[in-house]
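Bear in mind that the values here come from a model prediction, so they are computed numbers and not experimental data.
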Amino acid sequence: MKTLKDVGVGSTAVVVKLHGEGPVKRRIMDMGITKGVELYVRKLAPLGDPIELSVRGYELSVRKSDAEMIEVE
């Protein structure tokens, strides 16, 4: 299983499935990350956390712990 955490800077991935449950999953979905959405990894913070993404035309920062819950292809 490949997660968003495994995607390199400058790469694009498509969301396959969201793992996790309850409020965490809801928060990820509220940020616009849903099944079928294309994510572009813009950059990593100097210490590797968080990850900066382009999603649906806007920039978004996601913690690595949350990125592990996002399965991509």
Side-chain angles (χ1 to χ4, degrees):
M1 177 179 82
K2 183 178 175 184
T3 66
L4 181 57
K5 183 179 172 186
D6 305 320
V7 178
V9 175
S11 300
T12 303
V14 176
V15 178
V16 175
K17 184 177 180 181
L18 295 176
H19 297 277
E21 51 188 70
V24 177
K25 185 174 180 179
R26 178 84 244 157
R27 185 168 41 88
I28 291 171
M29 291 174 70
D30 288 345
M31 290 188 281
I33 300 173
T34 55
K35 184 177 178 182
V37 170
E38 191 174 274
L39 307 172
Y40 174 72
V41 180
R42 292 179 40 122
K43 58 185 172 182
L44 287 174
L47 298 176
D49 199 14
I51 301 168
E52 188 173 307
L53 310 170
S54 289
V55 182
R56 300 180 188 252
Y58 66 95
E59 277 71 52
L60 175 69
S61 292
V62 177
R63 291 185 209 115
K64 276 192 174 180
S65 59
D66 292 341
E68 289 176 334
M69 296 180 201
I70 304 168
E71 185 178 339
V72 296
E73 60 179 7

Heavy-atom distance under 4.5 Å between the side chains of Lys2 and Val7, does that happen here?
-> yes
Residues two or more places apart in sequence or in another chain: which of them pass salt bridge (Lys or Arg N to Asp or Glu O under 4.0 Å) with Glu71?
-> none
Quick check: does any side chain N or O of Asp49 sit under 3.5 Å from a backbone N or O of Lys64, one acting as donor and the other as acceptor?
-> yes
Between atom OG of Ser54 and atom CG of Leu39, what is the distance when rounded to the nearest 0.5 Å?
-> 9.5 Å
The reported gap from CD in Glu68 to CE in Met1 (rounded to nearest 0.5 angstrom) is 8.5 Å
Presence of salt bridge, Arg63 and Asp66, under 4.0 angstrom | yes
Are Val55 and Val16 connected, step by step, through hydrophobic side chains (Ile, Leu, Val, Met, Phe, Trp, Tyr) whose heavy atoms are closer than 4.5 Å?
-> no
Side-chain contact test, heavy atoms from C-beta onward, threshold under 4.5 Å: evaluate it for Leu18 versus Lys35 and give yes or no.
-> no
By salt bridge (Lys or Arg N to Asp or Glu O under 4.0 Å) - contacts of Glu59 (at least two apart) = Arg42
Check whether Met29 and Val37 end up in the same hydrophobic cluster, where Ile, Leu, Val, Met, Phe, Trp and Tyr are linked by side-chain heavy atoms less than 4.5 Å apart.
-> yes
Indicate yes or no: at least one non-hydrogen side-chain atom of Ile33 is less than 4.5 angstrom from one of Val62.
-> yes
How many angstroms lie between atom OG of Ser61 and atom CG of Leu44, to the nearest 0.5 angstrom?
-> 10.5 Å
With sequence neighbours left out, what residues match Thr34 under side-chain hydrogen bond (donor to acceptor under 3.5 Å, both in side chains)?
-> Arg56
Side-chain heavy-atom pair Val14, Val72 within 4.5 angstrom cut-off = no
For the atom pair CE (Met69) and CD1 (Ile28), what is the distance rounded to the nearest 0.5 Å?
-> 5.5 Å
Interatomic distance, Ile70 atom CD1 to Lys5 atom NZ [nearest 0.5 angstrom] = 12.5 Å
Is there a side-chain contact between Val15 and Leu4, using heavy atoms and a 4.5 Å cut-off?
-> no
